2 protein chains.
Amino acid sequence: MKLSVKSDYAARAVLWLSRHYQDGTARKVEEMGIAQGIPPKYLVQILIELKSKQIVKSVRGKEGGYLLARPPAEITLGDVIRAVEGEIFDSSAMTDPHCPTELRDGWRRVQRAVNEAADSLTFQQLLESSVEKEKMYYI
Amino acid sequence: MKLSVKSDYAARAVLWLSRHYQDGTARKVEEMGIAQGIPPKYLVQILIELKSKQIVKSVRGKEGGYLLARPPAEITLGDVIRAVEGEIFDSSAMTDPHCPTELRDGWRRVQRAVNEAADSLTFQQLLESSVEKEKMYYI
DNA sequence: GTCGCTTTTAACCGAGAGTTTCACGCGGCG
DNA sequence: CGCCGCGTGAAACTCTCGGTTAAAAGCGAC
């Protein structure tokens, strides 16, 4: 069970946009891609999916680019993952009739756990966790 | 993020062996495969991995087969998944230096959540959850 | 209007992992 | 010794992921 790079890329992009959320100005895909080590041509696809799920907005033309559709505090890690991947923690077991129901309940239980964990983590918190760390250095 | 069928198969196999744990007699892989809807030839490979992780034992020769290496109460869902897949919830983000540390901490957090969920679920509990359900019918 | 900059969309492709099957060697029980 | 079922490696097959290409279209400036 491994997380796709796509989800990681998406999260990086949103986190990066979160850092620039204050100024309310759009950022170009290319800039974002280079800054975060993401192939820009690939990043485009991801951003489009994020846009269709109302997580980011876009403006066209010169001085165009992307920006968050809502404040970082209202975007959770779960939102982003679900946007690019379907349901977090999918499994063929969920639909396979051969899978015993007891086991399916088990899978659902860990599924719920990962969902709760991902949904209780906003990008605002991620930002603050970084400044939290900087404070540590002052001690 | 999706669970491989392999993990599902492994869990089904262990659950099935758990049901027959009492009699302490070995069960053939063919029987198990057919009963659980798992390609027997594939199941063999899975069982070998489970055996190398001390989750099941095997006996050879006629009347040979597989049985649990320890009671169902001492086998967790996490044990089984880790046996056939490496670490549960792996991600390239964990090692990629381009991934911001704040985000990496986020990933680790959900990783911990899924690990705890999987480790706190023993096959004994899964078995009991099924009889639990039968009791529901008596109401 | 049109030129240059950007996003948007769809189609495409290579690589690699996951799944499944095959063939054959080996080990123990009767 | 002979049978039966585990043990193991490798071949074939499928499918998704990661990434690229190219064309279409919106927006602003001149």
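Here is the naming used below: chain letters follow the sequence lines, and residue numbers restart at 1 for every chain. Worth saying up front: this structure is predicted, and the values here are computed from it rather than measured.
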Phosphate OP1/OP2 of C:dT6: any A:K62 side-chain N/O under 4.0 Å: no
Nearest to side-chain heavy atoms of A:S4, which nucleotide of D:dG18, D:dC6, C:dT7: D:dG18
Candidates D:dC17, D:dG26, D:dT20 - which lies nearest the side chain of A:R60: D:dG26
Nearest-angstrom distance from the residue atom CD of B:Q45 to P of C:dC22: 13 Å
Atom pair distance, as rounded to whole Å: CD1 in B:I48 and P in D:dG9: 8 Å
Rounded distance (Å) that lies between atom P of D:dG7 and atom CG of B:L43: 12 Å
B:Q45 versus B:E49, side-chain donor and acceptor atoms under 3.5 Å: no
Minimum-distance nucleotide to B:V5 side chain [options: D:dT20, C:dT19, D:dC17]: C:dT19
Whole angstrom value for the distance that separates C1' of D:dG5 from CD1 of B:I34: 14 Å
Position toward the 5' end of DNA chain C (nearest nucleotide), A:G61 or B:P40: A:G61
Phosphate OP1/OP2 of C:dT6 contacted by A:Y66 side-chain N/O (<4.0 Å): no
B:L3 CG to C:dA17 P, straight-line distance once rounded to whole Å: 18 Å
Sugar-phosphate only, base, or nothing, as touched by A:V44 at under 4.0 Å among non-hydrogen atoms: base
